[in-house]
> 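Submitted below is the structure of interest, expressed as structure tokens.
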Amino acid sequence: MFSKVKSGKLEVRSEKRETKIKFSVFCFLFSMFFSVAANAQCAMCRAALETEGNAVKAQAVNDGIVYLMIIPYLLVGGIGYYIYQMRKKKKQE
């Protein structure tokens, strides 16, 4: 996969890179397969929903919280991908 150099520097860097990639993939798969379901609500939302006893409304609030939680992750992921592409392009030049 990687070419060997007499000094060994490239070989060491490639091994470190492979180890980092393997660790990242392991962490990603671990987080995907062993996730815990959470029904998180703020205290005021929980109190308002518990008093009414409306399960449909409670589920809608939980879905809204998850929707709002996903947006920052998408933004950070998009920015990270953009930085990755910039660095990749800079190394090719």
Side-chain angles (χ1 to χ4, degrees):
M1 185 162 149
F2 295 99
S3 62
K4 293 183 180 179
V5 177
K6 291 180 183 177
S7 65
K9 289 182 181 180
L10 182 60
E11 186 176 339
V12 172
R13 286 183 187 166
S14 65
E15 288 176 6
K16 286 182 180 180
R17 174 180 268 168
E18 287 179 13
T19 304
K20 286 181 183 180
I21 291 172
K22 288 178 184 178
F23 181 73
S24 298
V25 169
F26 172 76
C27 288
F28 176 75
L29 291 175
F30 184 80
S31 67
M32 285 295 162
F33 291 119
F34 298 106
S35 62
V36 177
N39 293 323
Q41 295 175 339
C42 68
M44 293 179 68
C45 294
R46 182 178 295 271
L49 293 173
E50 285 178 350
T51 57
E52 291 184 24
N54 189 355
V56 175
K57 190 174 182 182
Q59 185 63 38
V61 169
N62 281 335
D63 292 342
I65 291 169
V66 171
Y67 173 73
L68 291 172
M69 182 183 70
I70 289 173
I71 301 300
Y73 285 104
L74 290 175
L75 288 173
V76 169
I79 292 169
Y81 181 73
Y82 177 73
I83 291 171
Y84 169 75
Q85 289 296 327
M86 282 181 24
R87 292 186 73 185
K88 185 177 172 183
K89 189 179 212 181
K90 189 175 182 179
K91 285 182 181 179
Q92 288 178 352
E93 292 177 355

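Residue numbers run from 1 in the order of the sequence given.
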> Check whether V76 and L68 end up in the same hydrophobic cluster, where Ile, Leu, Val, Met, Phe, Trp and Tyr are linked by side-chain heavy atoms less than 4.5 Å apart.
no
> Taking atom CE of M69 and atom CD1 of I71, what is their separation to the nearest 0.5 Å?
10.5 Å
> Do L74 and V66 sit in the same hydrophobic cluster, where Ile, Leu, Val, Met, Phe, Trp and Tyr count as joined when their side-chain heavy atoms come under 4.5 Å apart?
yes
> Taking only residues two or more places apart in sequence or in another chain, which ones pass side-chain contact (heavy atoms from CB on, under 4.5 Å) with I79?
I83
> Working to the nearest 0.5 Å, report the span between OG1 of T19 and CZ of F23.
11.0 Å
